[in-house]
Engineer: 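Pasting a structure here, questions to come.
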Number of protein chains: 2
Amino acid sequence: MTTAVTGREAPRRRLSAGLRPTAKVLPEHARAHNRSLVLQHLFHEGPTSRADLARATSLTRVTISDLVAVLMAEGLVEELGVRPGQRVGKPAMLVGMRTSAYQVVAVDLTDDEVVRGAVMTLTGDLVLRRDLPVDGRTGTELVDLLTRFCRGLVAAASQPVIGVGIGSPGVVDSAGRVVEAPNRRWYDVPLAETLTDRLGLAVHVANDANTAALGEFTFGGASGSGLLVLTVGEGVGAGIMVDGARVRGHGDAAGELGHVTVVDHGDPCACGRRGCLETVLSVPALRRAVDGLDTEAADAALASVGRTLGVALAPVVSALNLAEVLISGPADLLDGPLREAALETVRERTMPVIGSGLQVRMATLDEDVVLAGAAVLVLSGQLGVS
Amino acid sequence: MTTAVTGREAPRRRLSAGLRPTAKVLPEHARAHNRSLVLQHLFHEGPTSRADLARATSLTRVTISDLVAVLMAEGLVEELGVRPGQRVGKPAMLVGMRTSAYQVVAVDLTDDEVVRGAVMTLTGDLVLRRDLPVDGRTGTELVDLLTRFCRGLVAAASQPVIGVGIGSPGVVDSAGRVVEAPNRRWYDVPLAETLTDRLGLAVHVANDANTAALGEFTFGGASGSGLLVLTVGEGVGAGIMVDGARVRGHGDAAGELGHVTVVDHGDPCACGRRGCLETVLSVPALRRAVDGLDTEAADAALASVGRTLGVALAPVVSALNLAEVLISGPADLLDGPLREAALETVRERTMPVIGSGLQVRMATLDEDVVLAGAAVLVLSGQLGVS
DNA sequence: TTTGTTAGTGAACTGCCTTTACTAAGTCGG
DNA sequence: CCGACTTAGTAAAGGCAGTTCACTAACAAA
């Protein structure tokens, strides 16, 4: 049964077309990583003693002391007094993030007509919120408007701002360049770079649905090992996190679920095709569908949309073995028969291993998801925390 | 338009349920990373001078010289004489991987009745191939059989073996534990650990479809930024790579596309439900579907299955913004009307941004995909090369 | 032959984490 | 009440990994 192989042309290395973007790692990068580890722990677990930090990160107490000293010098961390409670040994001094010492600016560009912004603390708590009508501005004008808006928010912050996070519709690459956002007339706009220059602050830009997923992951307690956030508004978008990382996709366009055909020979869609998910699941479409119906009929109509959604989600849930699907949008339309029918349909159409563990629930952060996610963009980019 | 927010309960940190598995990084890990960087370059680009390695990795020539010295001492790398051709300056000494100095053992457990194995060089070239009938063995007996089989392959290798890679059906976690593989009667079997102990060699185990994806990515020249490999045999499986990484999923069950419902009220499936993709796309199902038909009718039947596949793929392709879908299996059934109909259907049902760049082609490595991928498991696990 | 260019190495230095050894400050048990 | 134990935190020295700087080696071109 053994075959000696001679002369057979075996799989030959062929240069893989894509990028293999591995970069060198220096000791100082290790340092940055470990520093983030400490901040990450303090962020999620709250005040902790140096010794406990050492145990949690498996670094030594010496190293932790050193890192904490640096973080304290930067004003990011402070001592909070000894840990209460009686135990043996020297009492532990708690250290915690100075969450109120710095702030972040978050901006949500999802809405066509209003730019929504906020100043937030490092824990994602809102300090102030500000909206600005777009008045039809697009392209360069909109960038200028956005610049002024951000300047205003930075000025309004009561503490030093460590960065600006922006959730934008459209395709956004990893450098924060908006590859295309038709409604804004943005094509290849280096938004992050431009604003970073103009504001003199770190600016992070990502797709709005992706940003929402990040927000739910960090603040909504969602499972990062397999999470899809479906944003339902004027349109339908999705952001996906798998194995703890945002899914970007080949052309940074991952999450474009709104324009998948779900109804054969369905209604025409703004994109020029027919029967897209958006034609049945967007808020306007749903309002139209239930308009004038009594409760029972409306519920049936919503359940029908839910089943359609379930059919489209089933292959995705199955392929990615998702743990959770979160729906973000008006609860009166989404959080009832629609959501339940979607879950049921996905369960029916997938293996028990896949479907039984799945949750389909409403996003917990509601209208602030994108703002929260935008804040996480900054926390993650500047502090390595998420 | 500014709102001061007081007392509003803002998004509050909630411990994210999942794992946040970030581990500390030490300088020596940086070293290991940079070492892999060198091997990676030599693996993909072939013999290279130290100076060019320095430029490619952006490490200094000093560091590269040091790393190369270590790798040479380990016998992984060798000097290959000066680079031919006239140029100014001191002639460069080429160094290359000693690809024939070590070998790897690869095993493919996809088939229910035959264990397929091979000894391969570090570049994935086949040295010898060996098959062994399973004779109905399952559970512990199968593990024992597999142990003997691997021992035999290791003994048959003509060079020292750096590790064993195994592609297994079923759900396999990141530690190489087979969570469940019903046909093998394996439930929670720590396959990698057991074999590592018994063989005294590094053993890496992963799901077979995932392994196939890895093989295509490394040896097939597929785009790692968005790749789905569909393996069509007795059953249907899928392996996905996004943003350069394998997708594992919440319960390590990513890629379970075979049991997504694609035909309402369809034929009963072995899994107990109806209309699963496997009921129309598996090799037996396809053979049945075209049996006795003339060419034209057979083509029509295959195209119909292709359209069904396209409908199921469209949401996945769209959600992940995939660049390529590779189909692995019998070309006479798959590489014709079926494949073309699938591509066309996905294009019809997704946005141009998503569909126009998509390729749907046959896997280039054919029946050896899983073996090649198993080799990559070892290369990647032991040398950091993929 | 001289000049300039490129490849490779040796020495000194810096950054980062570790081990080891110490001090500080409490509880516990006789 | 006091020594034994336990835990928190720091100081000093050592090892490892990368860098810069300075050098030698080996060629082409002028």
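Every chain is numbered from 1 and lettered A, B, ... according to where its sequence line falls, protein lines coming before strand lines.
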Engineer: Kindly give the atom pairs (protein nitrogen or oxygen, nucleotide nitrogen or oxygen) under 3.5 Å for nucleotides 12-16 of chain C.
Structural biologist:
none

Engineer: Taking atom P of D:dA8 as reference, at what distance in whole Å does atom CZ of A:R83 sit?
Structural biologist: 6 Å

Engineer: Is the closest basic N to carboxylate O distance between B:D173 and B:R248 below 4.0 Å?
Structural biologist: no

Engineer: Begin from the C-alpha positions of B:L76 and B:R98 and carry the test side chain to side chain contact (heavy atoms under 4.5 Å, CB included) through to its verdict.
Structural biologist: CA-CA 5 Å; B:L76 276 170; B:R98 294 183 60 205; over 6 Å; no

Engineer: If we ignore hydrogens and angles and just use 3.5 Å, is the side chain of A:D188 paired with the main-chain N or O of A:V179 as donor and acceptor?
Structural biologist: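 Not confirmed, A:D188 side chain does not pair with A:V179 backbone.
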
Engineer: I need the A:S174 OG to A:R246 CZ distance, nearest 0.5 Å.
Structural biologist: 9.5 Å

Engineer: Report the residue (A:V62 or A:L26) whose heavy-atom-nearest nucleotide on DNA chain D is the more 5′ of the two.
Structural biologist: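 Looking at the nearest nucleotide for each, A:V62 comes out on the 5' side.
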
Engineer: Over how many whole Å does the gap from B:H33 atom NE2 to D:dC16 atom C1' extend?
Structural biologist: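 Whole-Å distance recorded here is 17 Å.
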
Engineer: Could you pull out the protein-nucleic contacts involving nucleotides 26-30 of chain D (nitrogen or oxygen on both sides, under 3.5 Å)?
Structural biologist:
residue	atom	partner	partner atom	Å
D:dA26	N3	B:K90	N	3.2
D:dC27	O2	B:G89	N	3.4
D:dA28	OP1	B:Q86	OE1	2.9
D:dA28	OP1	B:Q86	NE2	3.3

Engineer: Under a 3.5 Å distance rule, please check whether B:H29 uses its side chain to pair with a backbone N or O of B:L26 as donor and acceptor.
Structural biologist: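 Answer holds: yes.
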
Engineer: Considering only distance and modelled atom types, tabulate donor-acceptor pairs under 3.5 Å from the side chains of residues 158-166 of chain B, sequence neighbours left out.
Structural biologist:
residue	atom	partner	partner atom	Å
B:S158	OG	B:Q103	NE2	2.9

Engineer: Please state whether the phosphate of D:dG18, meaning OP1 or OP2, lies under 4.0 angstrom from any side-chain nitrogen or oxygen of B:T60.
Structural biologist: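 Answer is no, no contact under 4.0 Å.
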
Engineer: Take atom CG of B:L67 and atom P of C:dT9, then tell me their distance rounded to the nearest Å.
Structural biologist: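 For the pair B:L67 CG and C:dT9 P, the rounded distance is 12 Å.
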
Engineer: Rounding to a whole Å, what distance do you find between B:M93:CE and C:dA7:P?
Structural biologist: 13 Å

Engineer: NA contact type, B:L59, heavy-atom cut-off 4.0 Å: base, sugar-phosphate, or nothing?
Structural biologist: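 Answer is sugar-phosphate: B:L59 comes under 4.0 Å of backbone atoms only.
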
Engineer: OG/A:S65 to CG/A:L53 distance, rounded to the nearest 0.5 angstrom?
Structural biologist: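 If I round to the nearest 0.5 Å, the distance is 9.5 Å.
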
Engineer: List, one per line, each side-chain donor-acceptor pair under 3.5 Å for residues 193-203 of chain A, sequence neighbours excluded.
Structural biologist:
residue	atom	partner	partner atom	Å
A:T194	OG1	A:P190	O	2.8
A:T196	OG1	A:A192	O	2.6
A:T196	OG1	A:V203	N	3.3
A:R198	NH1	A:D144	OD1	3.0
A:R198	NH1	A:T147	OG1	2.9

Engineer: Checking A:R31 against A:D66 for the salt bridge (charged side-chain N to carboxylate O under 4.0 Å, His left out) test, could you report, in this order, the C-alpha distance in whole Å, the side-chain angles of both residues, the deciding distance, and whether it holds?
Structural biologist: CA-CA 11 Å; A:R31 176 74 163 187; A:D66 196 39; 3.0 Å; yes

Engineer: Taking only N and O in the side chain of B:R61, is any of them less than 4.0 Å away from OP1 or OP2 of D:dT20?
Structural biologist: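 No.
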
Engineer: Could I get the full list of salt bridge (charged side-chain N to carboxylate O under 4.0 Å, His left out) partners for A:E74, not counting sequence neighbours?
Structural biologist: A:R35

Engineer: Would you give the length of the straight line joining atom OG of A:S100 to atom CD of A:E78, rounded to the nearest 0.5 angstrom?
Structural biologist: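 The CD atom of A:E78 is 7.0 Å from OG of A:S100, to the nearest 0.5 Å.
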
Engineer: Do the side-chain N or O atoms of B:S65 get closer than 4.0 angstrom to the phosphate oxygens (OP1, OP2) of C:dT9?
Structural biologist: yes

Engineer: Closest-nucleotide mapping onto DNA chain C: is B:K24 or B:R50 further toward the 5' terminus? I mean the 5' end.
Structural biologist: B:R50

Engineer: Using modelled atom types only, decide if a donor and an acceptor are shared between the side chain of A:D125 and the backbone of A:M120 within a distance under 3.5 Å.
Structural biologist: no

Engineer: In whole angstroms, how far is the P atom of C:dC17 from the CG atom of A:L37?
Structural biologist: 11 Å

Engineer: Just call it for A:R35: base, sugar-phosphate, or nothing, with non-hydrogen atoms closer than 4.0 Å on any strand.
Structural biologist: nothing

Engineer: Measure from CG on A:L94 to P on D:dG9 and round the result to the nearest Å.
Structural biologist: 8 Å

Engineer: Tell me, which of residues 70-79 of chain A have any heavy atom that sits under 4.0 Å from an atom in DNA chain C?
Structural biologist: none

